[in-house]
Amino acid sequence: MRDIYQELHWRGLIYQSTDDAALPGWLAEKPRTLYVGFDPTAESLHVGHLVALMVLRRFQQAGHRPIALVGGATGMIGDPSGRSEERNLLSVETLRANVVAIEGQLRRFLDFDCGPRSALLVNNYDWMGQFGYLDFLRDVGKHFPINVMLAKDSVKSRLERPDGGMSYTEFSYMLLQAYDFVYLYDHYGCELQVGGSDQWGNITAGIDLARRLRSVQLFGMTCPLLTKADGTKMGKTEAGAIWLSPTRTSPYQFYQYWINVADEDVGGCLRFFTDLDAGQVTRLLDEHRADPGQRIAQRRLATELTRLVHGDEGLAAAQRATEIFFGAEIRHWRDDQLLAVFADVPSRELPRGRLDDSGLALVDALFEAGLAKTKSEARRTISQGGAYVNNRRVDDVDARLGPEHLASQSVMVLRAGKKRYALLRFVP
RNA sequence: GGGGGGUUUCCCGAGCGGUCAAAGGGGUCAGACUGUAAAUCUGAUGGCACUGCCUUCGCAGGUUCGAAUCCUGCACCCCCCA
C-alpha cells in the first residue's frame, strides 16, 4: 500500500482535511473505504469534476477502496454550495438519463474488478428514494441545529446577498449529503469523504451526523480548485466547460485544451491530472524549460489525459486531427477519414452541380461554408491572404473551384485565417 | 409646468450644407512575427451584380441642384429651475 497522503500532498491535492495530524497514519494503517459524490446536473462530467475523480483513482491505486456516488437523489434537490442563485430543478427524466451517462464515465477512471479494493458505484436515490419525509425529519433532521446550518458558508453567503435567499429545498441539501455519508459508513464501512473545496460544509455535516447517530469519528478532505495563473478557472473556455463526454467536447478539442495550457499552469496540471511521479514531472518540466517551443510538457499532459478520458482511439483521432489542422495541404483522402478528422468542424452540403462548368466562385464557397458572413467579407479574406482550400492558400479573389479541388470524393476543406475551418460536401 | 442638452455605422465617440460610407478609439477579422502562448507591428472593417451601384447617421415630413449636417412635427434619454 502506497503512502497516499504523502502522494496527494506533493501533488497539491489536499486543500483541507478534518484531521491533518491523524489522517496520514490512519490511511497508512490499513485499506480504507472512501467516497466522492457527483450530482447529475448534466449528462456529462467536466474538467471541474476531474480533480476529485483523480483523487479517488489515486486512492484506489494506493490500495484503498473507492466509492463513486452518483447523486440521483441529491441531484433532484440541487446543491447550493458555491452557487450564487437558486438552481432550477431538473426533470426526473433528465436526471435519470444523466445518472446513467455519468455512471458510464466514472467507470473509465476506476477499477471495478480487482478484489477487495474494487470500486463501487452507488446511487443515493436507492436509499433516499423511499425515505419518508416524517421519518427523515425525526431520524436525521433532529440532529441538525439550525444555527450551525446557517453558519455554513454555502448558506451564509447566499443569505447575505442583497438579492439573495434560498429555498427550503436547497437549504435541506446538506442533510441529504450528510445522511449519505452515514449510510455508506453503515453499509460499506466508508470512513472518508473527499470533495471539492466547496464541499467542506456538506462533508463536515456528514461527519457531525455520524458522530451523533453512530458515535464514530469519520474523516473529510477537500481538494483545491485548480485555477490558472491568470486567475480564471481551469477547464473553462469562452465557449464553456470542457466536458468529458466526446459528444460535448470532442477528443480533439479536449486534447487541444491541454496542449494550450499556459507554461505557468502545466506543472500543476501534470501533478493534478496525470499519474506521472514527482521525478517524471520534474524532468518533464526541465525539458520543457530548455525548449519551451516544443511544448513537451503540454504534449505529455494532453496525451495522458486524452488517453485516460477518451481511450487509445480517441487519443489517436485527436492527434491525427492535430497534425492535419496544423499541417500541410490536404489531398487524396477518403471521405470517411476526412469527416472523422473534421468532425468538429461545421459543414454544409451543396449540390454537386455547382462544381461543373465554370465552377464555384471561391467567394461564394467561403460564404456558403459560413466562413464569411457576407461576400464582401469573403472577398476581403481572400485578398488579404487568409483564404485556404484544402490548407493551400488561394489569394486570387476571382478564383473558381472545380472537382479538381476536392480533397476526397466529395469533400472540400475550406479555411479562413489560421484555424477557422469549414467543410463543403458536394452531394448529387 | 418652464429652460437647456442629447439620439451617428457592432460599442464609445467626432462630424454641423457638398471633398461623408462618415475622423479617432475599442472590438472584430486577416496578415507578419511566434511556441497552436503573450506582447507587438501591418492592413481591413455597411451591402451588392465591387473602378460602378444601392442602403445607413432616432422616426416622419420639408427646404435645397445637393442634408448626418438647415426647418417642422413625433418618440425616447439626460440636466437645470419649479
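Predicted, not measured: the structure shown is a model, and the values here were computed from it.
No close placement of the A/Tyr188 and A/Tyr35 rings is indicated, their centers lying 6.0 Å or farther apart. Between A/Tyr421 and A/Tyr388, the ring centre distance reaches or exceeds 6.0 Å.
With sequence neighbours left out, the salt bridge (charged side-chain N to carboxylate O under 4.0 Å, His left out) criterion links A/Arg87 to no other residue.
In terms of modelled atom types and a separation under 3.5 Å, the side chain of A/Arg117 and the main chain of A/Gln60 share a donor-acceptor contact. Looking only at distances, a side-chain donor or acceptor of A/Ser383 sits under 3.5 Å from a matching main-chain atom of A/Arg380.
Here, B/A32 and B/C16 have their C1' atoms 41 Å apart, quoted to the whole Å. To the nearest whole angstrom, the two P atoms, one in B/C10 and one in B/G47, are 10 Å apart. Spacing between B/A23 and B/G13 at atom C1', rounded to whole Å, works out to 10 Å. To the nearest whole angstrom, the two C1' atoms, one in B/U7 and one in B/A68, are 12 Å apart. The C1' atoms of B/G62 and B/A67 are separated by 12 Å, rounded to the nearest whole Å. Atom P of B/A22 sits at a distance of 15 Å from the matching atom of B/C53, rounded to the whole Å. Separating the P atom of B/G18 from that of B/C11 is a span of 26 Å, rounded to the nearest Å. Between the P atoms of B/U63 and B/G3, the separation comes to 29 Å (whole Å).
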Just the atom pairs and distances: protein N or O near nucleotides 24-27 of chain B's N or O, under 3.5 Å.
none

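A/Gln177 and A/Asp180 are not linked by any side-chain donor-acceptor pair at a separation below 3.5 angstrom, with hydrogens and angles left out of the test.
Under the Watson-Crick and G-U wobble criteria, each requiring two contacts below 3.5 Å, nucleotide B/G1 is paired to B/C81. Nucleotide B/G66 forms no Watson-Crick or G-U wobble pair with any nucleotide shown, as no partner meets the under 3.5 Å limit on both distances. B/A30 is paired with B/U42 under the criterion used here, namely a Watson-Crick or G-U wobble arrangement in which both key atom distances are under 3.5 Å. When Watson-Crick and G-U wobble pairs are counted only if both distances are under 3.5 Å, B/G73 pairs with B/C59. Under the Watson-Crick or G-U wobble criterion, with both distances below 3.5 Å, B/G35 is left unpaired in every strand shown. The base-pairing partner of B/C50, taking Watson-Crick or G-U wobble contacts with both distances under 3.5 Å, does not exist among the strands shown.
Checked for salt-bridge contact, A/Arg283 and A/Glu287 miss the test: no charged N lies under 4.0 Å from a carboxylate O. One finds no salt bridge joining A/Glu160 and A/Lys156 here, because no Lys/Arg side-chain nitrogen approaches an Asp/Glu carboxylate oxygen to under 4.0 Å. Classification of A/Asp275 and A/Arg57 as a salt-bridged pair holds, one side-chain N sitting under 4.0 Å from a carboxylate O.
Distance CG (A/Asp398) to C1' (B/U51): 13 Å, rounded to an integer number of Å.
Within 4.0 Å (heavy atoms only), A/Ala372 reaches no atom of the nucleic acid at all.
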Fill in: A/His405 and A/Asn390: CA distance, side-chain angles, deciding distance, side-chain hydrogen bond (donor to acceptor under 3.5 Å, both in side chains) verdict
CA-CA 8 Å; A/His405 289 101; A/Asn390 304 323; over 6 Å; no
Worksheet item: Which nucleotides of nucleotides 33-48 of chain B have their base under 4.0 Å from a protein heavy atom (B), which only their sugar-phosphate (S), and which neither (-), written as one string 5' to 3'?
Response: B-BBS-----BSS-SB
